[in-house]
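First comes the structure, then the notes that go with it.
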Protein chains: 2
Amino acid sequence: MSETAIIHNRLPVLRAERGLSRKALAEALGVNYQTVGYLERGDYNPSLELALKLAAYFDLPVEMIFSLQPFTPLSRMAASGKGD
Amino acid sequence: MSETAIIHNRLPVLRAERGLSRKALAEALGVNYQTVGYLERGDYNPSLELALKLAAYFDLPVEMIFSLQPFTPLSRMAASGKGD
DNA sequence: ATGAAATGTTGTACATACGCAATATTTTGA
DNA sequence: TCAAAATATTGCGTATGTACAACATTTCAT
């Protein structure tokens with residue numbers, strides 16, 4: 001597409017919650033461990049395939065992990081009981 | 001990633017339901033009209049950005065439009081009342 | 001039946017996603 | 001504190017997503 005949009009993601013939080021290293025997550029997904037780093041830093045966006053695999057891995061909808069709009073912190077969402 | 005997986009999609013059905021031409025959908029999404037054709041035919045998968053835009057446009061979760069597993073026809077899902 | 005709109009096909013070009021390697025820096029645990 | 005693990009950085013190679021153009025084929029309304 002024309003201008004590549006920044007896609008916000010909750011990967012660092014989700015990974016932290018489960019105490020996973022990038023290497024461990026990468027292996028579970030079948031990608032290079034550096035790829036996880038690229039994604040977390042926002043160097044580039046995942047392919048749809050990888051996004052679907054991540055969603056399946058974390059058992060969350062894609063939209064809960066990736067969004068065109070900035071995320072509300074999960075801690076705040078949990079406290080208020082409201083989603084985005 | 002290693003082998004590029006085939007991602008199944010419900011674009012033709014969704015577009016048919018709303019009586020949209022590819023051109024009209026493409027314009028709503030801000031992409032070339034041929035891109036929609038490529039996606040529907042499975043020539044390639046959309047970027048995550050485009051997938052999120054499509055989901056927003058149709059007001060459906062990404063997983064309802066794209067899946068690593070073949071879809072149950074919507075008609076059958078509607079009849080049984082069960083999802084995938 | 002005919003012309004217009006929609007869709008399919010082929011080819012070129014470019015940006016981005018991903019792999020892999022090597023090395024630097026930071027964080028962490030014993 | 002000090003070594004190991006985790007994370008960051010750079011660079012290079014390949015594959016894929018998207019645009020665009022030109023033309024062929026199919027579908028559809030009148």
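Here is how names work: the chains are called A, B, and so on, in the same order as the sequence lines, proteins then strands, and each is numbered from 1. Since the model is a prediction, treat every value here as computed from it, not as a measurement.
The distance from atom CG of A:L39 to atom C1' of C:dG19 is 13 Å, rounded to the nearest whole Å. Atom CZ of A:R41 and atom C1' of C:dA17 are 14 Å apart (whole Å). Whole-Å rounding puts the A:K23 NZ to C:dG19 P distance at 15 Å. Straight-line distance from the CG atom of A:L20 to the P atom of D:dA5: 17 Å, rounded to whole Å. Across the protein-nucleic acid pair, A:I7 atom CD1 and D:dG17 atom P stand 14 Å apart, rounded to whole Å. Atom CG of A:L25 is separated from atom C1' of D:dT7 by 14 Å (rounded to the nearest Å).
For B:S21 and C:dA5, the shortest distance from a side-chain N or O to OP1 or OP2 is not below 4.0 Å. Regarding contacts with the backbone of D:dT16, every side-chain N or O of B:N45 stays at 4.0 angstrom or more from both OP1 and OP2. Side-chain N/O atoms of B:R15 include none lying less than 4.0 angstrom from OP1 or OP2 on C:dA6.
Within the 4.5 Å cutoff, side-chain heavy atoms of A:M64 are placed close to those of A:L74. Counting only heavy atoms from C-beta outward, the side chains of A:L20 and A:Y57 approach each other to under 4.5 Å. With a 4.5 Å cut-off on side-chain heavy atoms, A:L39 and A:L54 count as touching. A:L60 is listed as a side-chain neighbour of A:L14, based on a closest heavy-atom distance under 4.5 Å.
Taking the side chain to side chain contact (heavy atoms under 4.5 Å, CB included) definition, one finds that B:A56 meets it with nothing, sequence neighbours left out.
Listed in residue order, the members of residues 46-58 of chain B having a heavy atom less than 4.0 Å from DNA chain D are B:P46, B:S47, B:L50.
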So which protein nitrogen or oxygen atoms get under 3.5 Å of nucleotides 20-24 of chain D's nitrogens or oxygens?
from   : atom 1 : to    : atom 2 : distance (Å)
D:dC20 : N4     : B:Q34 : OE1    : 3.4
D:dC20 : N4     : B:Y38 : OH     : 3.4
D:dA21 : N6     : B:Q34 : OE1    : 3.4
D:dA21 : N6     : B:Q34 : NE2    : 3.0
D:dA22 : N6     : B:Q34 : NE2    : 2.7

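Atom OH of residue B:Y33 and atom CD of residue B:E27 lie 11.0 Å apart, to the nearest 0.5 angstrom.
Of the possible donor and acceptor atoms, one in the side chain of B:E63 sits under 3.5 Å from a partner among the backbone N and O of A:V62. For the pair B:S67 (side chain) and B:P70 (backbone), a donor-acceptor distance under 3.5 Å is absent.
Counting non-hydrogen atoms under 4.0 angstrom, B:D43 reaches nothing in the nucleic acid.
The side chain of A:V31 approaches C:dG19 more closely than any other nucleotide in the set C:dT9, C:dG19, D:dA19.
Residues B:R10 and B:D84 are paired through a salt bridge, judged by an N-O separation under 4.0 Å between the basic side chain and the carboxylate.
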